[in-house]
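All remarks here apply to the structure that follows.
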Amino acid sequence: MPAPAGAQSNHARLSAATAARSGLSCELVLTDGVPLHEPEYRRNGNLVFDDLLGATVHRLSGDADPIAFARHRADELKRGGRRAFVVGAGGSTPLGCLGYVACAAELLRLERMMGLRVGSIVTPNGSSGTHAGLVAGLIAAGDTASGTRSFAVMGPAEDAECVT
């Protein structure tokens, strides 16, 4: 199951965890889109979990086409008698966003239950699925999404903040 994503992708880590729990093999196609080459970044965080979860990791340069690589790799696996499919890049799919719509509903339920009000929600923003789902979920519930903001983790710092 080749899954293309950035080197420290949460989506890739969750794909590896799901595959491991289900007894499936997982191949991750990770790109170096973030210009960090320090050992602390390249051998830490989600990359450690990817390894612990038994995923085969393919590291590509930031300008490579990870979807094309993943499709080619899936074809190789199929020719070898394996069943393979490519999971889309990032969790920014309609289904992935719905997970964060549900997250927003859960957050609002917890607020009511605990008698609290969250002033703002801050998330990292890779492919925008988290931010989009949270905003959609808050608006669908009749709440305001004005305190929802995210910070790009794949772009220049001066362009990083997205405020709703």
Side-chain angles (χ1 to χ4, degrees), residues 1-55 57 62 66-67 70 85-164:
M1 158 167 73
Q8 288 289 350
S9 171
N10 291 327
H11 183 260
R13 175 184 37 84
L14 291 170
S15 294
T18 300
R21 181 173 180 145
S22 301
L24 301 172
S25 62
C26 179
E27 295 193 20
L28 302 174
V29 179
L30 305 179
T31 59
D32 288 327
V34 177
L36 294 174
H37 303 288
E38 294 79 11
E40 295 82 10
Y41 179 80
R42 298 182 64 77
R43 287 183 261 141
N44 209 335
N46 285 333
L47 294 168
V48 172
F49 287 112
D50 297 340
D51 185 50
L52 289 172
L53 293 164
V57 177
I67 297 292
F85 64 96
V86 175
V87 174
S92 293
T93 63
L95 183 59
C97 287
L98 282 176
Y100 286 101
V101 169
C103 176
E106 176 72 4
L107 177 63
L108 294 171
R109 186 187 72 75
L110 289 171
E111 279 184 336
R112 286 189 302 277
M113 185 179 81
M114 299 172 76
L116 299 172
R117 180 69 183 151
V118 172
S120 63
I121 300 171
V122 179
T123 67
N125 188 341
S127 53
S128 302
T130 302
H131 193 172
L134 286 171
V135 168
L138 291 169
I139 291 171
D143 202 83
T144 178
S146 63
T148 307
R149 59 183 64 206
S150 64
F151 291 85
V153 295
M154 295 172 31
E158 61 271 9
D159 298 332
E161 186 175 14
C162 178
V163 179
T164 305

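Position 1 is the first residue of the sequence; numbering continues from there.
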How many angstroms lie between CD in Glu106 and CD in Glu111, if you round to the nearest 0.5 Å?
11.0 Å
Val57 versus Asp51: any side-chain heavy-atom pair under 4.5 Å?
no
Does Ser22 reach the main-chain N or O of Leu24 with its side chain, forming a donor-acceptor pair under 3.5 Å?
no
To the nearest 0.5 Å, atom SG of Cys103 lies from atom CG of Leu98 at 12.5 Å
What distance do Gln8 atom CD and Asp50 atom CG have between them, rounded to the nearest 0.5 Å?
8.0 Å
Heavy-atom nearest pair, Val29 first then Ala70, reads CG2-CB, 4.0 Å
Met113, CE: over 12 other non-hydrogen atoms inside 6.0 angstrom:
yes
Rounded to the nearest 0.5 Å, what separates atom CG in Leu134 from atom OG1 in Thr148?
6.5 Å
Rounded distance [0.5 Å steps], NE2 in His11 versus OG1 in Thr18
8.5 Å
Check Cys26 against Ala19 and note the closest heavy-atom contact, atom names and distance.
CB-CB, 3.6 Å
Indicate the atoms forming the closest heavy-atom contact of Ala132 with Cys97, along with that distance.
CB-SG, 4.4 Å
Distance in Å, Arg13 CZ paired with Leu30 CG, rounded so as to fall on 0.5 Å steps:
12.5 Å
Quick check: closest heavy atoms across Ala55 and Ala16, and the distance to 0.1 Å?
CB-CB, 4.0 Å
How close do Val135 and Ala145 get, counting heavy atoms only, and between which atoms?
CG1-CB, 3.9 Å
Restricting to non-hydrogen atoms, name the atom on Ala136 and the atom on Val101 that form the minimum distance, rounded to 0.1 Å.
CB-CG2, 4.1 Å
